[in-house]
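Notes follow the structure.
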Amino acid sequence: MQIDFEKASFKDFENIPGLDPYKWASLWTAYVNDRTSLGQFNYRQENLSGCGPEMQLDIKDNPIRNFVSLVSNDYLGFTQHPKVKAAAIEGIEQFGTGAGASPAIGGHYSYHQQLEDKIARFFKRDSAIVFTTGYNANSSSLQALLKKEDLAILDMAVHASVYEGCQLTNVKTFPHNNVDALENVLKNTDGKYRTRMVVIDGVYSQDGDLAPLNDIIKLTKYYGAYLLVDDAHGTGVIGETGRGVIELYDLYKEVDIITGTFSKTFAHVGGYLVASPELVSFLKFQSRQHVFSATLSPAAACISKAIDLVDEEPIWKELLWKNITYFKNGLLSLGLDVGATESAILPVKIGDINLNAKICNMLLQAGIYTNQINYPAVSRKDARIRMSLMATHTQQQLDKVLNAWDWVIKKEGLTINN
Ligand SMILES: Cc1ncc(COP(=O)(O)O)c(C=O)c1O
């Protein structure tokens, strides 16, 4: 079995016909070694200093040093906020280091209950369920809710966790943010399934653009479908008070299910689903990854503090937006293509997978830590460098990144704004 490493993506190694997993692994290892030798495998860098606008990285064959980092989704910088850290320590002091059990049989503590109440109120709703990851919030809920009689209708760009959650049901996708295409699917599937659930993101993780939620909600209501909105990247960032895209359109009551994560704005780890009390109660006992897995550790007590801080210290969102405006304008004035982003995610579209990897490495050599995003996270022709901004980036750090891009453009002779 031959795989052309030059053209390959991670997807090509998922399931190789005629080979067993050990053979896949050995081919994969050859691929990683080949790409590493070309400086193109910039993943799993070892961070020595913690999440922040600068990170100290231990990169093979390089001296340990600080990099300006654009890889964290800790948008408001709360992972390093003294009050959030203190709350985590307090949680551990009070409850110890682990929960010791799954929720139904001994692992549901007062800090979980407080978190469920708090995140429900944050979205002006009555009920929520907490998961150990944002990934689980989507995948295990969808698995519990949609079966072979049902249909999930997905924006093509939703997160991998949604696709995983839909493995037990029927799936139709529509092109990203294409409301007409969604309407066609809704029209053509009317009366053919028991339940139809449209699943979208609020802010899309690779493009940073927003869902046209006001149009989509009208369609789902009209055609009698349910709507799940995953606003992992919008929460804390979008809307007057950081409630995300739902706040932007004032659709708190209309959206059936809201999911999200505690690993971005809320500075820890875990996920949530906000919905009607009955649906939440059902999931507490029917969502398998919830029922059969131990709950969040007591350090998760810090999440409640991070949720409070969104309202108590709005300065962080203001600083984030100051940075977004400054940096986006800087990239645009260099002629770079940042697509339709309206959030803290700034993608620079490169196109070719190998050039993308090369540029990621050049930026790294210039002291800038970014993510290279390739197929299957985006389509094959849409490779890009993705950068996430934080409230705590300084203008000096952002200028350093813009200067590095200027250097890359000149060095690589990039055709800009094409
Ligand atoms: C849109 C979206 N949903 C869900 C998740 C999963 O969240 P977590 O990393 O907390 O499991 C992510 C993670 O990046 C995401 O981008």
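Scope of the values below: all heavy atoms of this structure, side chains included, with no hydrogens, waters or symmetry mates. The model shown is predicted, which means the values in this text are computed figures rather than measured ones. Each ligand, and each atom within it, is numbered from 1 in the order the structure gives.
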Determine, for [X] against [Y], whether the closest basic-nitrogen to carboxylate-oxygen distance falls under 4.0 angstrom.
X	Y	value
R384	D207	yes
E312	K305	yes
R243	D311	yes
R35	E6	yes

Those residues that, when tested against E240, pass salt bridge (charged side-chain N to carboxylate O under 4.0 Å, His left out) (two or more places apart)
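Listed in chain order: nothing, the list is empty.
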Run through all N or O atoms in ligand 1 and write down each protein N or O closer than 3.5 Å, as a pair with its distance.
| from | atom 1 | to | atom 2 | distance (Å) |
| --- | --- | --- | --- | --- |
| ligand 1 | 3 (N) | D230 | OD2 | 2.6 |
| ligand 1 | 10 (O) | G134 | N | 3.2 |
| ligand 1 | 10 (O) | T261 | OG1 | 2.5 |
| ligand 1 | 10 (O) | S263 | OG | 2.8 |
| ligand 1 | 11 (O) | G134 | N | 3.1 |
| ligand 1 | 11 (O) | Y135 | N | 2.8 |
| ligand 1 | 14 (O) | K264 | NZ | 2.8 |
| ligand 1 | 16 (O) | H233 | NE2 | 2.7 |

K147 NZ: over 12 foreign heavy atoms closer than 6.0 Å
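Counting other residues, nucleotides and ligands, NZ of K147 exceeds 12 neighbours.
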